[in-house]
Amino acid sequence: MRAVVQRVVSASVEVEGRIVSAIGPGLLVLVGLHESDVDSDADYICRKVLNMRLFPNEETGKTWDHSVVQKSYEILLVSQFTLYGILKGNKPDFHVAMPPEKAKPFYASLVEKFQKAYKQDAVKDGIFGAMMKVNLVNDGPVTMHLDSAQPSK
């Protein structure tokens with residue numbers, strides 16, 4: 001599983017001209033599912049995203065001190081199979097991305113995992129498989145890249 005985590009002032013997802021989800025300060029997380037992903041990959045991404053210290057602590061002045069949970073901020077999850085795109089010449093190939101019929105329930109379980117591990121109303125998502133317009137106001141900008149499976153040495 002691959003996640004691109006962006007610290008945001010605000011973010012929203014629009015489908016067919018209608019905003020389906022929006023958050024204030026927090027994290028926008030673009031999620032790509034690999035064909036070999038299992039529950040332990042979802043557990044890893046959920047734990048890391050919830051505990052990443054990407055926010056400042058105003059009391060101590062430390063820049064990288066608080067997590068999204070410590071700040072009681074929100075999370076917007078957006079499924080994005082193109083995170084596993086590979087260029088073959090100039091054409092993208094997505095053969096290593098999880099197929100949609102398997103990815104849809106797997107992604108839904110990831111959203112539920114985040115909601116149970118944090119707060120249900122603080123975790124929002126887009127619409128799986130829809131053409132989405134993702135709007136964000138980056139904060140920093142701060143962008144981190146996570147992979148659940150670490151390459152063997």
Side-chain angles (χ1 to χ4, degrees), residues 1-34 36-87 92 94 96-98 103-151:
M1 187 175 297
R2 181 167 289 160
V4 175
V5 181
Q6 295 179 294
R7 188 175 76 184
V8 297
V9 172
S10 64
S12 64
V13 175
E14 182 182 318
V15 176
E16 296 177 357
R18 179 178 128 258
I19 296 203
V20 296
S21 285
I23 64 168
L27 298 175
L28 169 64
V29 184
L30 306 175
V31 179
L33 304 177
H34 189 274
S36 65
D37 282 341
V38 294
D39 284 340
S40 61
D41 294 292
D43 293 340
Y44 175 85
I45 292 294
C46 182
R47 185 178 71 253
K48 291 301 272 187
V49 168
L50 291 177
N51 292 294
M52 293 171 84
R53 296 184 340 185
L54 299 178
F55 297 93
N57 180 336
E58 288 81 11
E59 291 176 16
T60 65
K62 290 184 182 176
T63 308
W64 306 103
D65 196 39
H66 281 166
S67 69
V68 67
V69 173
Q70 289 171 300
K71 299 294 271 183
S72 293
Y73 286 168
E74 296 175 294
I75 298 169
L76 177 55
L77 300 169
V78 177
S79 64
Q80 189 171 350
F81 73 94
T82 61
L83 290 177
Y84 277 108
I86 299 165
L87 282 179
F94 306 107
V96 299
M98 188 178 286
K104 186 173 183 173
F106 192 89
Y107 174 74
S109 72
L110 175 70
V111 172
E112 188 176 301
K113 190 177 299 282
F114 268 88
Q115 290 173 332
K116 285 181 177 175
Y118 185 28
K119 298 186 285 193
Q120 184 163 357
D121 61 344
V123 178
K124 302 181 180 169
D125 71 324
I127 296 178
F128 184 90
M131 281 298 282
M132 296 178 270
K133 292 187 187 322
V134 180
N135 301 297
L136 70 142
V137 178
N138 234 319
D139 183 15
V142 173
T143 304
M144 302 296 291
H145 174 257
L146 285 175
D147 279 318
S148 61
Q150 300 304 315

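- Residues Tyr107 and Leu77 come closest through the heavy atom pair OH-O, 3.1 Å.
- Atom CE of Met52 is separated from atom CZ of Arg7 by 11.0 Å, given to the nearest 0.5 angstrom.
- Exactly one of Leu28, Ile19, Leu76 qualifies for a side chain to side chain contact (heavy atoms under 4.5 Å, CB included) with Val13. That residue is Leu76.
- Aromatic ring orientation, Phe81 versus Phe94: perpendicular (interplanar angle above 60°, classes split at 30° and 60°).
- Val8 places a side-chain heavy atom less than 4.5 Å from the side chain of Ile23.
- More than 12 heavy-atom neighbours from other residues, nucleotides or ligands sit within 6.0 angstrom of NZ on Lys71.
- Counting all heavy atoms, side chain and backbone alike, Val9 lies closest to Asn138 at CG2-O, 4.4 Å.
- The main-chain N or O of Lys62 is never found under 3.5 Å from a side-chain atom of Asn57 such that the two would form a donor-acceptor pair.
- Considering only heavy atoms from C-beta on, Thr82 stays 4.5 Å or farther from Pro92 through its side chain.
- Side chains of Lys48 and Ser148 form no contact here, defined as non-hydrogen atoms less than 4.5 Å apart.
- Between Leu30 and Leu83, the closest heavy-atom pair is O-CD1, 3.5 Å.
- Two residues are said to be in side-chain contact when any heavy atoms from C-beta on lie closer than 4.5 Å; Phe106 and Asp39 meet this criterion.
- For the atom pair OG (Ser21) and CE (Met132), the distance works out to 9.5 Å, reported to the nearest 0.5 Å.
- Between Tyr44 and Met1 the shortest side-chain heavy-atom distance does not fall below 4.5 Å.
- The line from SG of Cys46 to CD of Glu112 is 11.0 Å long, rounded to the nearest 0.5 Å.
- For Trp64 against Val142, the heavy-atom pair with the smallest separation is CH2-CG2, 3.7 Å.
- Residues passing the salt bridge (Lys or Arg N to Asp or Glu O under 4.0 Å) test with Lys133: none are found, sequence neighbours excluded.
- Nearest heavy-atom pair, Val29 versus Ala3, reported as atom, atom and distance to 0.1 Å: CG1-CB, 3.9 Å.
- Under the 3.5 Å distance criterion, the side-chain polar atoms of Gln115 are matched with a main-chain donor or acceptor of Val123.
- Under the 4.5 Å side-chain criterion, counting only non-hydrogen atoms from C-beta, Arg2 is not in contact with His34.
- Atom CD of Gln120 has 12 or fewer neighbouring heavy atoms from other residues, nucleotides or ligands inside a 6.0 Å radius.
- Minimum interatomic distance between Ser79 and Gly129 (heavy atoms only, all atoms of both residues): OG-N, 4.3 Å.
- With Val49 as the partner, the side chain to side chain contact (heavy atoms under 4.5 Å, CB included) test is satisfied by one option alone out of Val69, Leu27, Leu54, Val31: Leu27.
- Under the 4.5 Å side-chain criterion, counting only non-hydrogen atoms from C-beta, Asp43 is in contact with Lys113.
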